[in-house]
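Order of the sequence lines sets the chain letters (A, B, ...), proteins ahead of strands, with each chain counted from 1.
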2 protein chains.
Amino acid sequence: MNAPTSSRSGGRAARRAARSTALPDNLRPVRPGMEGGRYRPLSEADVLKIHHAALDALETIGLADAPESGIAHLTGAGAILGDDGRIRFPRALVEDTIAKANRSVTMMSRDGLHDLELSGNRVHYGTAGAAVHLVDIDGKNYRDCGVQDLHDAAKIVNTLNNVHFCQRPMVCRDIPDNMEMDYNSLFACVTGTTKHIGTSFTEPGFVAPAIEMLHMIAGGEDKWRERPFVSNSNCFVVPPMKFATESCEVMEECIKHGMPVLLLSAGMAGATAPSTIAGAIVQAVAECLAGLVYVNAVKPGHPAIFGTWPFGLDLRTGAMTGGSGEQALLTAGCAQMHSFYALPGGAAAGIADSKLPDMQAGWEQMCSNVMAGLSGCNMVYEAAGMHASLLGFCHESLILGDDIIGQALRCVRGIEVNDDTLALDQIADVCLNGPGHYLGTAATLSRMQSDHCYPTYGNRMSPKEWVEMEKPDLLDTATARKEAILGAPSAAALDPMMDRAIRDKFNIHLKG
Amino acid sequence: MNAPTSSRSGGRAARRAARSTALPDNLRPVRPGMEGGRYRPLSEADVLKIHHAALDALETIGLADAPESGIAHLTGAGAILGDDGRIRFPRALVEDTIAKANRSVTMMSRDGLHDLELSGNRVHYGTAGAAVHLVDIDGKNYRDCGVQDLHDAAKIVNTLNNVHFCQRPMVCRDIPDNMEMDYNSLFACVTGTTKHIGTSFTEPGFVAPAIEMLHMIAGGEDKWRERPFVSNSNCFVVPPMKFATESCEVMEECIKHGMPVLLLSAGMAGATAPSTIAGAIVQAVAECLAGLVYVNAVKPGHPAIFGTWPFGLDLRTGAMTGGSGEQALLTAGCAQMHSFYALPGGAAAGIADSKLPDMQAGWEQMCSNVMAGLSGCNMVYEAAGMHASLLGFCHESLILGDDIIGQALRCVRGIEVNDDTLALDQIADVCLNGPGHYLGTAATLSRMQSDHCYPTYGNRMSPKEWVEMEKPDLLDTATARKEAILGAPSAAALDPMMDRAIRDKFNIHLKG
């Protein structure tokens, strides 16, 4: 046993040396924008069936409740307003729109270092949602969430390698005035992270103040329009097949101000969308195609994300559920439709129904996150921190989500096959000439960091080490990390002069 | 708001009525043997590259350490014994073997109700492994596991819809004599579950006593050979590329006695197999192809499972890890190779590195389990209960695994696309004539149970209900279920006369 032992120690020393060298970004094992798409839940024939059913729905059923301005834009583009008030879309109009729509959108970051290039099957993960509770894991309590919680979430996102953007995940329930809530939500996110931000507006009139703030932060309207680092998450439909009148007006405002739009159709399969997965996808696709026609009628080529977000429902109770296999399939099926249209798309995944970051939350968050990634979803929304079927947001869970998404991204990266990785020479050498194992081979050492995504919080100790380390608890580890992040100054803080100027102009609720 | 409310109540009452009707088995939302394969981690070209590299490895490197009897069988079939003692396999021999091997194996159950038909991309999940600890979640302790723990695991498996077979997951460390340990392991499993059982033998001489016991239980040798409800999990290789001499002799014994064989190649990527995913798959495929030639040389067409089980390694420490994205890819890539050969295959998934059933365990177990299913793996081994990178087995985790695998199977079932599920008529009716929602439609009600896989332990309550129910804890729920299962008599208990007869003949350690 001497030879293997000593050569194993040699390997260990060499591994120690190798891992002390930091990797350049392009060699990191996982990165934003890796290509998914090897999982295709639908056959090509099924994709076409869904496409044609969506076109049929648009042509024969259409959408109700467009605002006056929308009716003008849409009929101007060739849609038909019926006597029943519904707007119907001839197939040619939809097909022409798909052909000319913007199919490669960059979601800008404020720092220019975290831009997300949406095209093909490039995968990105981030937060989103409108949780109304913060999950306090210490006391297992759900309490109303507020602007500080939102800012803290953004600050945490800023530190996580695998959470690529920060769409507002929580509602600031401590700000009763809706206009103030909207621009304060934006301010809380912008000052927490320099990554791309997604936000919402309650009314069309609330867009202008936010834009004013963004112009100030960007250093002028031209700078903002050059690099719009905030997008508008826009629930432009009330499924089934009705425009959300006021949200459409918000959308028009955002387009006017150069803000990219997420066309978000959030049907609930079994309530506001058909209960079948295929049917819910058909309706979501139809609704988003209507939105795409709308956007391109207002401004051809305006950056828009095809946001088919159908949610699952627990039909026994009629309550929403996001942690199921059905949800993972809804999202993966939608991603395949985005890919079919070659349009930048997004959908929801990573939702836990569990109230706490427990084993259930782990399996629920991984299931839909990994399937969304494998199916090549460009923007995976609500990917971390979401509990209680979207009602609660948890900071510790957000932190642990970085590990979940890291492993999901490793799966997205997939299996590289070439002469090096097939390793036939290495197998021959190890078996016929070598020590009989691969621990210390040059190939093993050189790939130690580039091929393997190591967990940050996940514990791989042996039971013996684990006992020796006093059985570290996953949630305690996450809490300690949270406290360290929130205890440090925000890396995204605005220049103090700018911060002062904004606070002078707006009623900012976040403590300075 | 009156109309929607009242019609929603109508829907609720109808749903209540619908769910009180039990579904026939063929309408259950998930079942053993559903077809996977929509996730294909490898391109067709990559599959061929791996295949050819494996053939090259067999032809040029070959395997060392075959027993005398194996050398005779293999050279008799056309393999070549080199001066270096290695047996090399001409391509034609391997290709002929693949062509004539048994490609549709039935894993029998003792009760005839749980037979598993392995063919195509039909997916089944079950336990396996050789854990040396039982995880006691109450005290967070790892203690030595014994025969009662193994029996309890089998008893739990017997009650779980989504755990389809029971390969021995734990070693009986309380039985010092290896022969007694082998037949006691078998007895502990057989008396715990009527599902298919997998077991191991330490030495060739230990097969005969176990077979004698199985003949008794089956009611004679002919009955046993007709429906062999136990398979042999056989580590016939010591990677890289060496036969495990004694295990090969065990395998020959099992073949003689009509016991199906799992050809298990358990390399560790980076230690006993190349560190690259592709290279580890090449070596595992080569080794299992050698095993396939061996089995078919001994007895053409003998039922064998292509058990490519490469494991991941944490290269920073040299310790095994099973909870990573790399592990999920190793397993999914292997499943695609099984599918390429159209051979019944199995691989490992569902392994947690986490020591306890916490959030980490949830995400780790789901990641590889769902990917194994989507890739169409016939037999997903170690799918539930495994912790600490296979060192610990946890009964509560096994129970919760039923939920994890249920959701994974729902994903495997996939998205049905046909005129009914596309739901265009329903969308039209709801939007143009109906109540504007789908809650009470006939289509929604009729699919409430058949389309949706509801969790048994996973909690979908709203935060409000959850508080009212005093915040039920997932692990407490699992523990209560465990106590109920273990407190009841075993449904797989042998007839008392038979039990007595076996105890008279064998030194049975399990308390009667």
Side-chain angles (χ1 to χ4, degrees), chain A residues 19 38-39 41 46 49 53 57 61 140 142 240-241 270-271 274-279 282 314-316 321 325 328-329 333 353 355 357-363 366-367 370 388 404 407 410-411 414-415 417 421-424 426-428 431 437-439 444 447-448 458 460 463 466 471 474, chain B residues 19 38-39 41 46 49 53 57 61 140 142 240-241 270-271 274-279 282 314-316 321 325 328-329 333 353 355 357-363 366-367 370 388 404 407 410-411 414-415 417 421-424 426-428 431 437-439 444 447-448 458 460 463 466 471 474:
Chain A
R19 74 171 172 260
R38 296 219 58 88
Y39 168 52
D46 289 346
K49 281 183 200 162
I61 304 167
K140 302 193 181 185
Y142 271 61
M241 306 295 279
S275 74
T276 53
I277 295 170
V282 166
D314 190 311
L315 290 175
R316 301 168 305 179
T321 167
L329 288 166
D353 294 326
K355 266 50 70 187
D358 57 6
M359 186 169 171
Q360 178 190 346
W363 81 62
M366 179 55 93
C367 186
V370 74
I404 295 181
Q407 297 304 325
R410 182 62 188 86
C411 296
I415 304 174
V417 179
T421 60
L422 287 166
L424 194 55
Q426 207 193 143
I427 299 174
C431 291
H437 65 77
Y438 300 80
L439 277 165
T444 296
R447 294 173 164 278
M448 197 181 92
R460 292 184 171 177
W466 179 70
K471 306 180 184 176
L474 185 72
Chain B
R19 74 170 172 261
R38 295 220 58 90
Y39 167 52
D46 288 347
K49 281 183 200 161
I61 303 167
K140 301 192 181 185
Y142 272 60
M241 306 295 279
S275 75
T276 53
I277 296 170
V282 166
D314 191 311
L315 289 176
R316 300 169 304 180
T321 167
L329 288 166
D353 293 327
K355 265 51 69 188
D358 58 5
M359 186 169 171
Q360 177 189 347
W363 81 62
M366 179 56 94
C367 186
V370 74
I404 295 180
Q407 297 305 324
R410 182 61 188 86
C411 296
I415 304 175
V417 179
T421 61
L422 287 166
L424 194 56
Q426 206 192 145
I427 299 174
C431 291
H437 65 78
Y438 300 80
L439 277 165
T444 296
R447 293 172 165 278
M448 196 179 93
R460 292 184 170 176
W466 179 69
K471 306 181 184 175
L474 185 72

Toward chain A, the part of B:A328 with a non-hydrogen atom under 4.5 Å:
side chain
Can you measure from OG1 (A:T321) to CZ (B:R460) and round to the nearest 0.5 angstrom?
3.5 Å
At what distance, to the nearest 0.5 angstrom, does CD of A:Q407 lie from CE of B:M366?
15.5 Å
Between B:Q426, B:K140, B:M241, who has the most heavy-atom pairs with chain A when the cutoff is under 4.5 Å?
B:K140
Taking atom OG1 of A:T421 and atom NZ of B:K49, what is their separation to the nearest 0.5 Å?
8.0 Å
Report yes if the side chains of A:D46 and B:I415 come closer than 4.5 Å at any heavy-atom pair, otherwise no.
no
Among B:P274, B:G279, B:A278, B:G333, who wins on heavy-atom pairs under 4.5 Å with chain A?
B:P274
Pair count under 4.5 Å, heavy atoms only, with chain A: among B:A388, B:A428, B:P41, highest is B:P41
Rounded to the nearest 0.5 Å, how far does CE of A:M448 lie from CG of B:D314?
8.5 Å
Between B:S275 and A:R447, a side-chain donor and acceptor under 3.5 Å
no
Please examine the side chains of A:I404 and B:M359, heavy atoms only from C-beta on, and report whether any two atoms are closer than 4.5 Å.
yes
Which value, rounded to the nearest 0.5 Å, describes the distance between B:T276 atom OG1 and A:Y438 atom OH?
9.0 Å
Is the shortest side-chain heavy-atom distance between A:K471 and B:Y142 below 4.5 Å?
no
For the interface with chain A, which of B:A423, B:A53, B:P240 has the highest count of heavy-atom pairs at distances below 4.5 Å?
B:P240
